[in-house]
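Index from 1, following the sequence. Keep in mind that what you see is a predicted model, and the values were worked out from it rather than measured.
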Amino acid sequence: MSSPRDFNGIVYDLLTGRTSRREFIKRAAALGLSATSIAAILAACGGGSESDTTTTTGGSGSGGSAQTPTSSGTPTGGGSSGSGGSGSSGGTLDRLVIALGADARTLIPNTIVDATTNWQIENIFDPVLRRDPNDNFRIGPWLGELTSIDDLTWEIKIVRDDIKFHNGEPFDAESIKVSLEYALNPDNNSHYLERYKPITKIEVIDPMTVRLTTSEPYPILPTRLADLYPIPPKYLEEKGIEYVSQNPVGTGPFKFKEWVRDEHLLLERNEDYWRGPVAIETLEFRYIPEFSSRLSALLAGEVDIIKDVPVDAIERVNSSGIARAEEIPSSRVNYVALVNNREGSIFADKRVRQAVNYGVNVDAIIDGVFQGHATRMAGALSKINPQVDPSIQPYPYDPEKAKQLLQEAGIQPGTEIILDSPQGRYPMDTDAAQAIAAELEQLGFRVTVQYNEWGTHLDKIVNRRTGDAFFLGWGPALDAEGTLRYLFVGDSTYSGYTNPEVEAVIAEAATTVDPDKAQELWNQVQRMVWEDAGWLFLWQQHDIYGVSNRVDWTPRVDESLFMGDAKPRES
């Protein structure tokens, strides 16, 4: 009977190109796998060819600071009607369908830190501030404009006096105040509470002005206010949180129409959008958990945009005549948290965490699983993050040193660990988790990969119920504080790591106003968590979107799926 280690090993060899399909079939059969099981594994691993070589089309895997998406290959043909045959007229699209792997967890903003949820919320609501793709994604005005009065005082000026919520309620300073108070109320269990906690006073100066006072210098406040989506105060008071969370009313480019949980969200164009005309009549978010099903829907013209096209499907998309693949290095970082903020954790010993970093061949996984469509991270921040410390170099692959460290730490061969992973949330996530498990088994661990539905995965992390390690992505990650403060402080929502010395430097950096001094401190934090092996440092993901040839829309490095500026594509 085959062992998990043997099985993980041959799957990893297939994924990384170390063995051909034919050789895999022989080895799998020798382990007692049935023909049905072998066929299913081959299908899940992307098929490939009968030969030992793989041809990759499109993309370069170069990563870095590129912010302009590239079409991965040259589409052929001339587009399609798409989305069940709905077309365009008069410079508008009747319907645009985005297929996501998971449902929103709520439709009331300022509650859940989750990209899937926020992609939908950002089309119904507007943020106070927003990253500007034309200014290197710096934070700039949107609903409001922020001014620093002194180190502890800020003012938000609303940019126009005629902005209204979808129900006709005026957007004003009180809307911002109520939305912040909602996030700061512990009874609402908002993930954003820790982000706004330094705010101790919220004053409405006049209908167009809000003044914020903080308990300590909080230079990152502009970034935090880019996460704040105001809600209508009277509507919230009259209907209550539960009703509003299922029947949202914002100021954004689309109005809420219908939400069928785990099926779809329907939005309709806001005819009076304050920023100008919207070119999409109906926007649908359709929930399709499986990668393969989302891809099939795109190629059948049933959906218009999908995220995370598998690397081995790029050529298929580009040659379809229906859609094209567009790739952009994302700001999102992928990592494995080596949980040490729970009693009795195997990863409480730094030597074990370091051993994992020496013993997992991250470059081989990038080359094999991602075919180069990911960029290696040296530490906790990616190359695209303007506050990354460029002096930090990746852990070298040294399995012998890894085994030596494990021996010094008293870890016996056969020690069991559980790795929690999402399934279908990130590019090639199931394959990547399997490959990581195979590498860990080469070090002597017995690894169980626990695959989770996305909502379950988040709940396990938030409630500290994962296994010994968990696979997660984090983004947009375009500043140091947004990653280091919320993932390397032990009691933070999504953190799996604690170290009092690191947390002390983080606290100092987060309140340091002078940018040069702050950068020195953030560099110190990056070096500390690298030496302490706070994560298994993996890669900066490349986002590969499948986009219908009838849609003109440009992916962003911050992963925003804002459709207020999408329009029909010129033929």
Discussion item. Measuring from atom CD1 of Ile366 to atom NE2 of His373, what distance do you get when rounded to the nearest 0.5 angstrom?
Written reply: 12.0 Å
Worksheet item: Considering the options Val339, Leu338, Asn334, which one meets the side-chain contact (heavy atoms from CB on, under 4.5 Å) requirement together with Val336?
Response: Leu338
Item to complete: Look at the side chain of Ser331 and the backbone N and O of Val557, then say whether any donor-acceptor pair between them is shorter than 3.5 Å.
Response: yes
Discussion item. Distance to the ring centre below 6.0 angstrom and angle to the axis at most 45 degrees; does that hold for Arg195 and Tyr486?
Written reply: yes
Worksheet item: Do Asp420 and Gln450 have side-chain heavy atoms sitting under 4.5 Å apart?
Response: yes
Worksheet item: Please walk me through it: do Asp103 and Tyr287 pass side-chain hydrogen bond (donor to acceptor under 3.5 Å, both in side chains)?
Response: CA-CA 6 Å; Asp103 196 351; Tyr287 312 127; 3.0 Å; yes
Discussion item. Show the nearest heavy-atom pair for residues Ile411 and Phe445, with the distance to one decimal.
Written reply: CG2-CE2, 3.9 Å
Practice prompt. Dump the intermediate steps for side-chain contact (heavy atoms from CB on, under 4.5 Å) on Ile176 and Leu143, then the final yes or no.
Written response: CA-CA 10 Å; Ile176 296 174; Leu143 283 173; over 6 Å; no
Discussion item. I'd like to know if the side chain of Glu174 and the backbone of Val204 have a donor-acceptor N/O pair within less than 3.5 Å.
Written reply: no
Worksheet item: Just by distance, do the side chain of Asn123 and the backbone of Gly252 share a donor-acceptor pair under 3.5 Å?
Response: no
Worksheet entry | Val352 and Leu406, any side-chain heavy atoms less than 4.5 Å apart | yes
Discussion item. For the backbone of Glu508 and the side chain of Thr511, can you confirm whether one donor and one acceptor N or O come within less than 3.5 Å of each other?
Written reply: yes
Practice prompt. Might you confirm whether atom NZ of Lys401 has over 12 heavy atoms from other residues, nucleotides or ligands at distances under 6.0 Å?
Written response: no
Item to complete: Could you please spell out the steps behind the side-chain contact (heavy atoms from CB on, under 4.5 Å) verdict for Leu236 and Ile108?
Response: CA-CA 10 Å; Leu236 180 64; Ile108 189 169; 4.3 Å; yes
Discussion item. For Trp454 together with Tyr426, are the ring centres under 6.0 Å from each other?
Written reply: yes
Practice prompt. Indicate, with yes or no, if the rings of Phe370 and Trp539 have centres closer together than 6.0 Å.
Written response: yes
Fill in: Check: Gly534 main-chain N/O paired with Arg353 side-chain donor or acceptor under 3.5 Å
no
Worksheet entry | Side-chain donor/acceptor of Thr200 to backbone N/O of Thr213, under 3.5 Å | yes
Item to complete: Report yes or no: does Asn136 contribute a side-chain atom to a donor-acceptor pair with the main-chain N or O of Arg138 at less than 3.5 Å?
Response: no
Worksheet item: About how many Å separate NZ of Lys157 and CZ of Arg211, when rounded to the nearest 0.5 Å?
Response: 9.0 Å
Worksheet item: Quick one: does Trp474's side chain have a donor or acceptor within less than 3.5 Å of a partner on Gly482's backbone?
Response: yes
Fill in: Donor on one side chain, acceptor on other, Asn185 and Glu181, under 3.5 Å
no
Fill in: Straight-line distance of Ile199 CD1 to Leu152 CG, nearest 0.5 Å
12.5 Å
Worksheet item: So how far is it from Asn110 CG to Asn118 CG, rounded to the nearest 0.5 Å?
Response: 9.0 Å
Worksheet item: Does some side-chain heavy atom of Tyr451 sit less than 4.5 Å from a side-chain heavy atom of Thr430?
Response: yes
Worksheet entry | Test side-chain hydrogen bond (donor to acceptor under 3.5 Å, both in side chains) applied to Ser391 and Asp389, step by step | CA-CA 6 Å; Ser391 71; Asp389 182 347; 2.7 Å; yes
Discussion item. Does Trp119 form a side-chain contact (heavy atoms from CB on, under 4.5 Å) with Lys307? I'd like the steps, not just the answer.
Written reply: CA-CA 12 Å; Trp119 289 331; Lys307 194 172 181 292; 3.6 Å; yes
Worksheet entry | Heavy-atom pair with the smallest gap, counting every atom of Arg376 and Lys383 | O-CE, 4.4 Å
Worksheet item: Salt-bridged, Glu194 to Arg485, with N to O below 4.0 Å?
Response: no
Worksheet item: Which is it for Gln541 and Glu559 under the side-chain contact (heavy atoms from CB on, under 4.5 Å) test, yes or no, and what are the steps along the way?
Response: CA-CA 11 Å; Gln541 75 182 43; Glu559 294 187 290; 3.4 Å; yes
Worksheet item: Any side-chain heavy atom of Phe291 sitting closer than 4.5 Å to one from Val309?
Response: no
Worksheet item: What is the ring orientation for Tyr192 with Tyr196, classed by angle as parallel under 30°, tilted 30 to 60°, or perpendicular over 60°?
Response: parallel
Worksheet item: Hey, does Pro230 have a side-chain heavy atom less than 4.5 Å from the side chain of Val128?
Response: yes
Worksheet item: Given side chains that start at C-beta, do those of Phe125 and Ile231 come closer than 4.5 Å, heavy atoms only?
Response: yes
Worksheet, complete the sentence: Between Thr116 and Ala102 the two heavy atoms that sit nearest each other are CG2-O, 3.2 Å
Item to complete: Mark yes or no: Arg556 above the aromatic ring of Phe562, with NZ or CZ under 6.0 Å from the six-membered ring centre and no more than 45 degrees from the axis.
Response: no
Fill in: Non-hydrogen side-chain atoms of Ser495 and Phe488 separated by less than 4.5 Å
no
Worksheet item: Is there a donor-acceptor contact under 3.5 Å from the side chain of Gln354 to the main chain of Glu531?
Response: yes
Discussion item. Ring centroids only, cut at 6.0 angstrom: are Tyr494 and His191 within range, meaning strictly under it?
Written reply: yes
Discussion item. If you compare all heavy atoms of Leu100 against all heavy atoms of Leu561, which two are closest, and at what distance to 0.1 Å?
Written reply: CD2-CD1, 4.1 Å
Item to complete: Count the heavy atoms belonging to other residues, nucleotides or ligands that lie under 6.0 Å from CD of Glu216, then report whether that count exceeds 12.
Response: yes
Worksheet item: Does Asp459 come within less than 4.0 Å of Arg105, counting only side-chain N to carboxylate O?
Response: yes
Fill in: Donor + acceptor pair across side chains of Glu408, Gln404 (<3.5 Å)
yes
Practice prompt. May I ask you to decide if Val447's main-chain N or O and Glu441's side chain share a donor-acceptor pair within less than 3.5 Å?
Written response: yes
Worksheet item: So, Arg131 and Asp479, do they make that salt bridge, N to O below 4.0 Å?
Response: yes
Worksheet item: For residues Asp558 and Ser560, is any side-chain donor paired with an opposing acceptor at under 3.5 Å?
Response: no
Item to complete: Determine whether the side chains of Asn341 and Thr498 contain a donor N or O and an acceptor N or O closer than 3.5 Å.
Response: no
Worksheet item: If every non-hydrogen atom of Tyr397 is compared with every non-hydrogen atom of Glu439, which pair is closest and at what distance?
Response: CE1-OE1, 4.0 Å
Worksheet item: In Å, rounded to the nearest 0.5 Å, how long is the span from CD1 of Ile139 to CG of Leu225?
Response: 9.0 Å
Item to complete: Looking only at non-hydrogen atoms, find the nearest pair between Pro555 and Glu326 and report the distance.
Response: CD-OE1, 3.4 Å
Fill in: Close side-chain approach of Thr117 and Thr111, heavy atoms under 4.5 Å
no
Fill in: Any side-chain donor near an acceptor of the partner, Tyr497 and Asp532, under 3.5 Å
yes
Response to the item:
Taken to the nearest 0.5 Å, the spacing of His457 NE2 from Asp429 CG works out to 8.5 Å
